[in-house]
Amino acid sequence: EALHCFNHVIEHNPSDILAYNHLGSIYSLRGDSKNAIASYQRGLQLDANHPILHYNLALEYEKIGHYDEVQKEYEAALRAKPGWSEAINGYASFLMSLNRNKEAHEILSQGIEVAPKNIHLQRAMGVVQLRRGEYSDSVQRFKAVLEQDEDDIHALMGLADVYGCEGRAAEAERLLQKVDAVPRKN
C-alpha cells in the first residue's frame with residue numbers, strides 16, 4: 001500500500017524529492033536494492049546535493065557490497081551537510097569494517113571537533129582507538145561516554161574489551177556483569 005501511495009504522489013508531483021526517498025526506503029525494507037537505488041537516484045536528479053538521499057544510497061550500496069559507491073555517497077552526504085553525526089558515524093563504521101582505521105579516526109576527529117559531546121561519535125572513536133592499540137585514549141573515550149550515560153551498554157562493552165586487551169580480566173568481568181544488569185530499552 002505504501003508503494004502505491006508514494007508512486008501516486010510522484011505521479012501527481014514528480015518533483016517531490018522526499019517521496020523518492022520514502023519510496024527508496026520502502027524498497028530497501030523489502031530487500032529490493034535495485035529499485036531502492038533507482039528511487040534515490042531519481043531524487044538526486046532533482047536535488048544533487050540532498051544529504052539524506054546520498055546517505056541512504058550509501059547504506060544501500062553497502063548492503064550489496066558496492067564499496068566504491070558507498071564511500072562516494074558518504075562523502076557527498078557530508079559535503080552537503082558537514083558535521084552530520086549520523087553520516088560521520090556511518091562512514092566511520094564502514095571504514096572500520098574494511099580495517100581502514102586511520103581514515104575512520106580522521107573522519108571521527110572531524111565530527112568530534114564539530115560536536116564534542118556527541119556520545120555516538122565519542123563511542124565510535126573509542127572503538128577506533130581500541131583497534132589501533134591506543135588503550136589509554138580508548139579508556140578515556142569510553143569513560144567520557146559513561147559520564148553522560150552510566151548505562152551505555154556499548155561503552156561498557158568497549159571498556160571491557162580494552163581492559164581485556166590490557167590483561168585486566170577482573171575489571172573486564174565486572175563491567176560485563178554490569179552490562180547484564182542494565183535494563184534493556186525497547
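On a predicted model such as this, the values are computed, not experimentally measured, just so you know.
At least one side-chain heavy atom of Leu18 sits less than 4.5 Å from a side-chain heavy atom of Asp16. Taking the side chain as every heavy atom from C-beta outward, Ile88 and Tyr74 never approach each other to under 4.5 Å. No side-chain heavy atom of Glu134 sits under 4.5 Å from any side-chain heavy atom of Leu130. Side-chain contact between Ile37 and Ile64 is present, with heavy atoms from C-beta onward closer than 4.5 Å. Glu60 has its side chain out of reach of Glu73: every pair of non-hydrogen atoms, C-beta onward, lies at least 4.5 Å apart. Between Glu69 and Lys72, some side-chain heavy-atom pair lies under the 4.5 Å cut-off. At least one side-chain heavy atom of His105 sits under 4.5 Å from a side-chain heavy atom of Ser109. Taking the side chain as every heavy atom from C-beta outward, Gln110 and Pro82 never approach each other to under 4.5 Å.
The closest donor-acceptor contact from the side chain of Ser138 to the backbone of Tyr135 lies at 3.5 Å or more, if one exists at all. A distance-only check finds no donor-acceptor pair linking the side chain of Tyr20 to the backbone of Leu53 [under 3.5 Å]. A donor-acceptor pair is defined here as one N or O able to donate and one able to accept, closer than 3.5 Å; such a pair exists between the side chain of Gln122 and the backbone of Pro116.
Between Leu156 and Glu150, the closest heavy-atom pair is CD1-O, 4.0 Å. For the pair Ala77 and Tyr55, the tightest heavy-atom approach, listed with the atom from each and the gap, is CB-N, 3.9 Å. In plain terms, the two heavy atoms of Asn56 and Tyr40 that are nearest each other are CB-CZ, 3.5 Å. Residue Val128 comes nearest to Ala104 through the heavy atom pair CG2-CB, 3.9 Å, listed as atom of the first residue, atom of the second, then distance. Looking at every heavy atom in both residues, His54 comes nearest to Ala76 through ND1-CB, 3.4 Å. In terms of heavy-atom proximity, Gly24 sits nearest to Ala36 at O-CB, 3.3 Å.
Hydrophobic clustering (side-chain heavy atoms under 4.5 Å, transitive across Ile, Leu, Val, Met, Phe, Trp, Tyr) groups Leu95 together with Ile112. Taken together through direct or relayed side-chain contacts under 4.5 Å among Ile, Leu, Val, Met, Phe, Trp and Tyr, Leu175 and Ile119 form parts of separate hydrophobic clusters.
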Candidate pair Tyr91 and Glu75, rule side chain to side chain donor-acceptor pair (under 3.5 Å), full reasoning: CA-CA 8 Å; Tyr91 191 18; Glu75 289 173 359; 2.7 Å; yes
Residues Glu171, Leu159; criterion side chain to side chain contact (heavy atoms under 4.5 Å, CB included); working and verdict: CA-CA 9 Å; Glu171 290 172 274; Leu159 191 54; over 6 Å; no
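Taking the six-membered ring wherever Trp is involved, the centroid distance between the rings of Phe94 and Tyr67 falls below 6.0 Å.
Shown are Ile107, Val145, Val114, Asn89; of these, the side-chain contact (heavy atoms from CB on, under 4.5 Å) with Leu121 is made only by Asn89.
A cation-pi arrangement is present between Arg168 and Tyr163 under the rule of less than 6.0 angstrom and at most 45 degrees off the ring axis.
Interatomic distance, NE2 of His120 versus CG of Leu108, reported as 13.0 Å (0.5 Å rounding). To the nearest 0.5 Å, atoms CE (Met157) and CZ (Arg123) are separated by 11.0 Å. Note: Asp32 CG to Asn35 CG = 4.0 Å, rounded to the nearest 0.5 Å. Interatomic distance, CG of Leu57 versus CD1 of Ile52, reported as 12.5 Å (0.5 Å rounding). The CG atom of Leu44 sits 7.5 Å away from the CD atom of Gln41 when rounded to the nearest 0.5 Å. For the atom pair OG (Ser25) and CZ (Arg30), the distance works out to 13.5 Å, reported to the nearest 0.5 Å.
Residues Arg131 and Asn101 have side chains that bring a donor and an acceptor to within less than 3.5 angstrom of each other.
The local environment of CG in Asp180 is crowded, with over 12 non-hydrogen atoms from other residues, nucleotides or ligands closer than 6.0 Å.
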